[in-house]
Amino acid sequence: MQIHAIPAFQDNYLWVLAVDGAAAVVDPGDAAPVERFLEDRGLRLAAILATHHHADHIGGVPALARRWKCPVFGPAHDGVDGLSQRLVEGDRITVPGLGVAFDVLDVPGHTAGHIAYVRRDPDPVVFCGDTLFACGCGRLFEGTPAQMSSSLGKLARLAGATRVYCAHEYTLANIRFAEAVEPGNRALADRKARDTEKRARGVPTVPSSIAEELATNPFLRCSEPAVIAAAERRAGHALPGPVEVFATIREWKNTF
Ligand code: ZN
Ligand code: FE
């Protein structure tokens, strides 16, 4: 399976999976760049996968589904119209035309019904929409800090080699915030050098890996002493546990 990035809008990535001549697209916020990509490569669209209901993730779904008459997979409980398969955690899908299997995780927090698609092996990958970002996480539009930290915990427990395909190129801004939280993190400094160089060449920083996120992403490090200390300084008092640490740094990031 090949995975291609189609940049769209300001900083979105629409992900195309391709096996032989068949393709599936994850979170097509816009149909036009997907149609151009398929045309250029001589691919036929066999399926659409959606992670959540925001327009920059599903705006292109109706036009693509009409043109290609392909099934649309998406979250059962996130208010996405026109789904042919409504998914919840525990479901396993095999993408038509590609024969690739994904397990579904419920990852509420950014939206109430957000899901992620996980392929465990060979060559593990996760499509996590706006839940886990490279060195960051999505804003809490519809969920609580407890929900989001539990969702991030599910992703953090995937195999370290799992490549993380999130939906936005937010990495350098996220790294700047992560440095404010954990200025002494060596792995983070290395990542900054690597990802800055990629952006200078116009290359996506996505995918990262779960192992890299565990080492550098402050939102997955809410039990690390340095992150707890930074959150407690920010809050001005002791915090009882990782959910409160998460809530404090998520709030901090909103105004950073
Ligand atoms: Zn979103
Ligand atoms: Fe988005």
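First listed ligand is number 1; within each ligand, the first listed atom is number 1.
- For H110 and H54, the distance between ring centers is under 6.0 angstrom.
- Put simply, NZ on K154 and CG on L132 are 13.5 Å apart, with the number rounded to the nearest 0.5 Å.
- Residues W15 and V25 fail the side-chain proximity criterion, which asks for heavy atoms closer than 4.5 Å.
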Using atom types as modelled, flag every donor-acceptor pair under 3.5 Å from a side chain in residues 66-76 to any protein atom, sequence neighbours excluded.
unit_1, atom_1, unit_2, atom_2, d
W68, NE1, E35, OE1, 3.2
W68, NE1, E35, OE2, 3.2
K69, NZ, R66, O, 3.4

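- With a cut-off of 2.8 Å, the protein N/O/S atoms near the Fe ion (ligand 2) add up to 4.
- Checked against side-chain contact (heavy atoms from CB on, under 4.5 Å), K192 has the following partners two or more places apart in sequence or in another chain: I175, E179, T196.
- A salt bridge links E213 to R191: at least one charged side-chain nitrogen sits closer than 4.0 Å to a carboxylate oxygen.
- Using a cutoff of 4.0 Å between basic side-chain nitrogens and carboxylate oxygens, D40 and R36 are not scored as salt-bridged.
- Between F133 and H168, the two ring planes are perpendicular [angle over 60°; tilted spans 30° to 60°].
- With waters left out, the protein N, O or S atoms under 2.8 Å from the Zn ion (ligand 1) add up to 4.
- For the residue pair N217 and R221, no side-chain donor N or O sits within less than 3.5 Å of a side-chain acceptor on the partner.
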